[in-house]
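Values reported hereafter were calculated over all heavy atoms of this structure, with side chains retained and with hydrogens, waters and symmetry mates removed.
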Amino acid sequence: MTVKTILLYLDAPETAARNLKLASALARRYGAHLIGLHVTEGIEVYAGVSIFAGAIDAEVVSQAGLARAKEVEAAFEAGVKGEDFVAEWRHVEAGAHTASDRIIEHARAADLVMLGQVRPEEPNREANVVVERTIRKCGRPVLVIPYAGDFEEIGRKALIGWSPTREAARAAHDAIPLLEDGEAMILTSHSVKDPSTLGVETAKELALNFARHGVKAEVIERTNDGIAIGELLENESFERGADLIVTGAFGHSKVYDFVIGATTTRLLESMTAPVLFSA
């Protein structure tokens with residue numbers, strides 16, 4: 001299976017062009033159908049606020065939202081002009097739903113979902129919720145693009161965070177279509193207190209699977225003595241020049257959410273390379 005439908009969520013005109021660079025490069029590589037999506041959120045009118053004032057505010061917000069959507073659309077159209085892949089623009093209004101609800105609806109029919117990392121100075125605190133909830137709920141691999149740096153190509157050298165869990169297995173296999181003519185570094189770690197070999201053995205099996213797909217894979221073993229998994233991935237990625245980090249995201253039990261969820265949150269906050277998350 002290859003990537004034939006890419007959904008790129010564009011939330012702001014300021015970041016649309018740079019995020020579109022990587023999405024366009026992938027659409028070009030796979031001859032994929034690229035969908036640019038923007039969601040306009042509504043305004044909530046609370047009890048105690050006059051209907052007249054609420055109506056005025058709603059109208060102002062609505063007009064501002066439509067103007068912003070037009071700016072994002074213009075950036076999208078400019079970015080895909082002259083490309084030979086099919087590019088489709090979608091603008092939807094959230095209505096009574098949240099932005100993430102709408103993104104998830106459209107994401108479920110895509111092979112790959114792409115979003116931009118939220119900037120630390122982003123005034124909208126709900127922006128992080130949108131990214132996290134999309135990763136958790138859409139059921140598709142989600143590629144998050146860092147807000148800093150220039151990324152026009154991924155998959156030539158990927159670092160895969162491995163553990164014998166459902167989330168890690170899903171992420172590793174979701175990454176295979178992105179690793180054409182590339183190589184993979186499969187990072188597995190164990191603690192000093194629990195030197196289990198299960199992670200290493202399954203990582204070696206994964207490397208053999210990758211080889212059958214034509215992807216050269218190397219297994220990296222690390223002893224993790226109190227270092228957060230997210231930090232371990234970031235350090236190894238930087239030292240080895242990885243252009244993509246692949247990891248399982250969150251989990252379905254409270255224990256996994258505590259461990260894997262913490263890794264996801266850290267990477268979303270401090271990533272320096274694009275990260276492919278699968279939940």
For [X], all residues meeting side-chain hydrogen bond (donor to acceptor under 3.5 Å, both in side chains), sequence neighbours excluded:
X: S100; value: T98, R133
X: E153; value: R156
X: E105; value: R102
X: H173; value: none

Shortest non-hydrogen contact between [X] and [Y], atoms and distance:
X: A168; Y: G161; answer: CB-O, 4.1 Å
X: A99; Y: V130; answer: CB-CG2, 4.2 Å
X: L7; Y: A110; answer: CB-CB, 4.0 Å
X: G155; Y: D243; answer: N-OD1, 3.1 Å
X: K4; Y: G31; answer: NZ-O, 3.9 Å
X: T5; Y: A109; answer: CG2-O, 4.2 Å

Would V92 and L37 satisfy side chain to side chain contact (heavy atoms under 4.5 Å, CB included), going step by step from the backbone distance to the final call? CA-CA 8 Å; V92 298; L37 173 69; 4.0 Å; yes
Check whether any side-chain N or O of [X] sits under 3.5 Å from a backbone N or O of [Y] as a donor-acceptor pair, and report yes or no.
X: S24; Y: K21; value: no
X: T264; Y: F250; value: yes
X: Y30; Y: P177; value: yes
X: R140; Y: L112; value: no

Any residue meeting ring pair (Phe, Tyr, Trp, His ring centres under 6.0 Å) with Y9, in chain and number order, not counting sequence neighbours: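 Ring pair (Phe, Tyr, Trp, His ring centres under 6.0 Å) check on Y9 returns nothing, list empty.
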I would like to know whether V200 and W162 meet side chain to side chain contact (heavy atoms under 4.5 Å, CB included); could you show each step before the answer? CA-CA 9 Å; V200 175; W162 177 255; over 6 Å; no
Donor-acceptor pairs are to be reported for all side-chain atoms of residues 231-238 against protein atoms at under 3.5 Å, with residues two or more places apart or in another chain.
from : atom 1 : to   : atom 2 : distance (Å)
E234 : OE1    : R266 : NE     : 3.2
E234 : OE1    : R266 : NH2    : 3.2
E234 : OE2    : S270 : OG     : 2.4
N235 : ND2    : E231 : O      : 3.3
E236 : OE1    : R222 : NE     : 3.2
E236 : OE2    : R222 : NH2    : 3.1
E236 : OE2    : R240 : NE     : 2.8

Which residues share a salt bridge (charged side-chain N to carboxylate O under 4.0 Å, His left out) with [X], sequence neighbours left out:
X: D84; value: none
X: E221; value: none
X: R18; value: none
X: D174; value: R170

If you measure from [atom1] on [X] to [atom2] on [Y], what distance do you get to the nearest 0.5 Å?
X: I104; Y: T134; atom1: CD1; atom2: OG1; answer: 5.0 Å
X: L244; Y: L143; atom1: CG; atom2: CG; answer: 6.5 Å
X: I145; Y: L22; atom1: CD1; atom2: CG; answer: 5.0 Å
X: L34; Y: F76; atom1: CG; atom2: CZ; answer: 4.5 Å
X: E88; Y: I35; atom1: CD; atom2: CD1; answer: 5.0 Å
X: L8; Y: L115; atom1: CG; atom2: CG; answer: 8.0 Å

Test side chain to side chain contact (heavy atoms under 4.5 Å, CB included) on I135 and L268; report intermediate values, then the result. CA-CA 11 Å; I135 293 171; L268 285 174; 4.2 Å; yes
If the condition is side chain to side chain contact (heavy atoms under 4.5 Å, CB included), which residues does P146 pass it with, not counting sequence neighbours?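 Once residues adjacent in sequence are excluded, the partners of P146 under the side chain to side chain contact (heavy atoms under 4.5 Å, CB included) criterion are Q117, F151, M271, P274.
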Student check: side-chain heavy atoms of [X] and [Y] closer than 4.5 Å:
X: P13; Y: R68; result: yes
X: V142; Y: V144; result: yes
X: V246; Y: F277; result: no
X: T247; Y: L276; result: no

In a table with atom names and distances, give each donor-acceptor pair under 3.5 Å that connects a side chain of residues 206-220 to protein atoms at least two apart or in another chain.
none

Does [X] share a hydrophobic cluster with [Y], counting links as ILVMFWY side-chain heavy atoms below 4.5 Å and allowing steps through other members?
X: V118; Y: L20; value: no
X: L10; Y: V80; value: yes
X: Y147; Y: V131; value: no
X: L178; Y: M114; value: yes
X: V275; Y: V3; value: no

Test: R28 and E83 ion pair at under 4.0 Å: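 Looking at R28 and E83, the cut-off is met.
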With side chain to side chain contact (heavy atoms under 4.5 Å, CB included) as the test, would you mind laying out the steps for L26 and I6 before giving the verdict? CA-CA 8 Å; L26 291 174; I6 299 172; 3.9 Å; yes
Among L187, L267, T263, side chain to side chain contact (heavy atoms under 4.5 Å, CB included) partner for I229: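 Single pass found, and it is T263.
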Look at the aromatic rings of H38 and H91 and report parallel, tilted or perpendicular, splitting at 30° and 60°.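 Correct class here is tilted.
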